[in-house]
Undergrad: 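Please read through the structure below; I'll follow up with questions.
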Amino acid sequence: MDGPEERPADAAKDAEEPVRPAARPGARPGSVPPPPSTALSRPLVMGALITAFVLMMAGVAVGGYLVVDRTFGEGKAASSERRVSVFLCAKTSDARRCRKEDATEQQKAEIKRRLDAMPQVRRVEYESREQAYASFKKRFVEDKELLEGVRPGDIPDSFRVRVADAEAAKAVKAAMDGVPGVDAVVIDPRKPRA
């Protein structure tokens, strides 16, 4: 019965059925495997998606840092910038060189001229004792006890100086210490960054 006459019939029947690929291990019977090009591109697509995700997260992190830096800091260009306060003599000053007198207008003009002439100085702003007292009240609005202990004349006039960096701040301090009309020169502490 497996004779030669049955083989052509089987061959004809086989010719009518579509050729099925060999079964893969673990494949369900009757399932069609993906085309070879799709099977090879899956790792590439996954790699591309992971790379895109990592780049996106890096962009978000860098963007977030820049927003925080620009909002709470003074930016990269000014990150090393320092402030120096040049307090002027006042009647309330304890410094001997002030002799319990306010700095004269001539002394103030000379101090400003010297500060403006220094190459390390970026900006000079004059702050009157009235402005200083108003700023002090705003800054310490919560501390009633401290506010009660300070009167408007207790805070002297000053020049608020912005310089390039810590070395420039030291140079300004050294140059302004002992100048007639100057009570004290203070390098402001750096504010902690958020």
Undergrad: R160 and S85: which non-hydrogen atoms are nearest, and at how many Å?
TA: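 Scanning both residues completely, I find the closest heavy atoms to be NH1-OG, 2.5 Å.
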Undergrad: Using a strict cut-off of less than 4.0 Å between a Lys/Arg side-chain nitrogen and an Asp/Glu carboxylate oxygen, indicate whether E125 and R123 qualify as a salt bridge.
TA: yes
Undergrad: Assess the residue pair V161 and V163 against the criterion (side chain to side chain contact (heavy atoms under 4.5 Å, CB included)); give the C-alpha distance rounded to whole Å, side-chain angles, the decisive distance to 0.1 Å, and a yes or no.
TA: CA-CA 6 Å; V161 183; V163 296; 3.9 Å; yes
Undergrad: Among R114, R113, K112, find the residue that satisfies the salt bridge (Lys or Arg N to Asp or Glu O under 4.0 Å) test when tested with D116.
TA: K112
Undergrad: Give the intermediate values and the outcome of side chain to side chain contact (heavy atoms under 4.5 Å, CB included) for residues S93 and D183.
TA: CA-CA 7 Å; S93 298; D183 180 11; 3.1 Å; yes
Undergrad: Go through the steps to decide whether R82 and D188 satisfy the test salt bridge (Lys or Arg N to Asp or Glu O under 4.0 Å), and finish with yes or no.
TA: CA-CA 7 Å; R82 300 298 296 267; D188 295 347; over 6 Å; no
Undergrad: How many angstroms lie between atom OH of Y126 and atom OG of S128, to the nearest 0.5 angstrom?
TA: 6.0 Å
Undergrad: Indicate the atoms forming the closest heavy-atom contact of A103 with K108, along with that distance.
TA: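 Scanning both residues, the minimum pair turns out to be O-CE, 3.7 Å.
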Undergrad: According to the interplanar angle, ranging from 0 to 90°, do the rings of F136 and F140 count as parallel (below 30°), tilted (30 to 60°) or perpendicular (above 60°)?
TA: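 The rings of F136 and F140 sit tilted, inter-plane angle from 30° to 60°.
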Undergrad: Let me confirm one number: the CG-CD distance from L115 to E110, rounded to the nearest 0.5 Å.
TA: 10.0 Å
Undergrad: From E127 CD over to I155 CD1, what is the distance, rounded to the nearest 0.5 angstrom?
TA: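 It is 8.5 Å, given to the nearest 0.5 Å.
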Undergrad: Show your reasoning for whether side chain to side chain contact (heavy atoms under 4.5 Å, CB included) applies to I111 and V182.
TA: CA-CA 8 Å; I111 293 166; V182 173; 3.5 Å; yes
Undergrad: Which atoms form the tightest heavy-atom contact between A90 and P156, and what is the distance?
TA: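 A90 and P156 have their closest heavy atoms at CB-CB, 4.1 Å.
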Undergrad: Can you confirm whether more than 12 heavy atoms, excluding those of K91, are under 6.0 Å from its NZ atom?
TA: no
Undergrad: Checking the side chain of Q107 only, and the main-chain atoms of T104 only, is there a donor and an acceptor separated by less than 3.5 Å?
TA: yes
Undergrad: So, D177 and R97, do they make that salt bridge, N to O below 4.0 Å?
TA: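 Not counted as a salt bridge, because no side-chain N and carboxylate O are separated by less than 4.0 Å.
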Undergrad: Search all heavy atoms of M118 against all heavy atoms of A175 and return the closest pair with its distance.
TA: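 Looks like CE-CB, 3.8 Å.
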Undergrad: What distance separates L147 CG from E142 CD, expressed to the nearest 0.5 Å?
TA: 10.0 Å
Undergrad: Considering all heavy atoms of both residues, which atom of K100 and which atom of D94 are nearest to each other, and what is their separation?
TA: NZ-OD1, 3.7 Å
Undergrad: Verify side chain to side chain contact (heavy atoms under 4.5 Å, CB included) between E81 and D165, making sure each step is shown before the conclusion.
TA: CA-CA 5 Å; E81 187 175 84; D165 54 28; over 6 Å; no
Undergrad: Would you kindly say whether D154 and T92 are connected by a side-chain donor-acceptor distance under 3.5 Å?
TA: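 Side-chain D/A pair, D154 to T92: absent.
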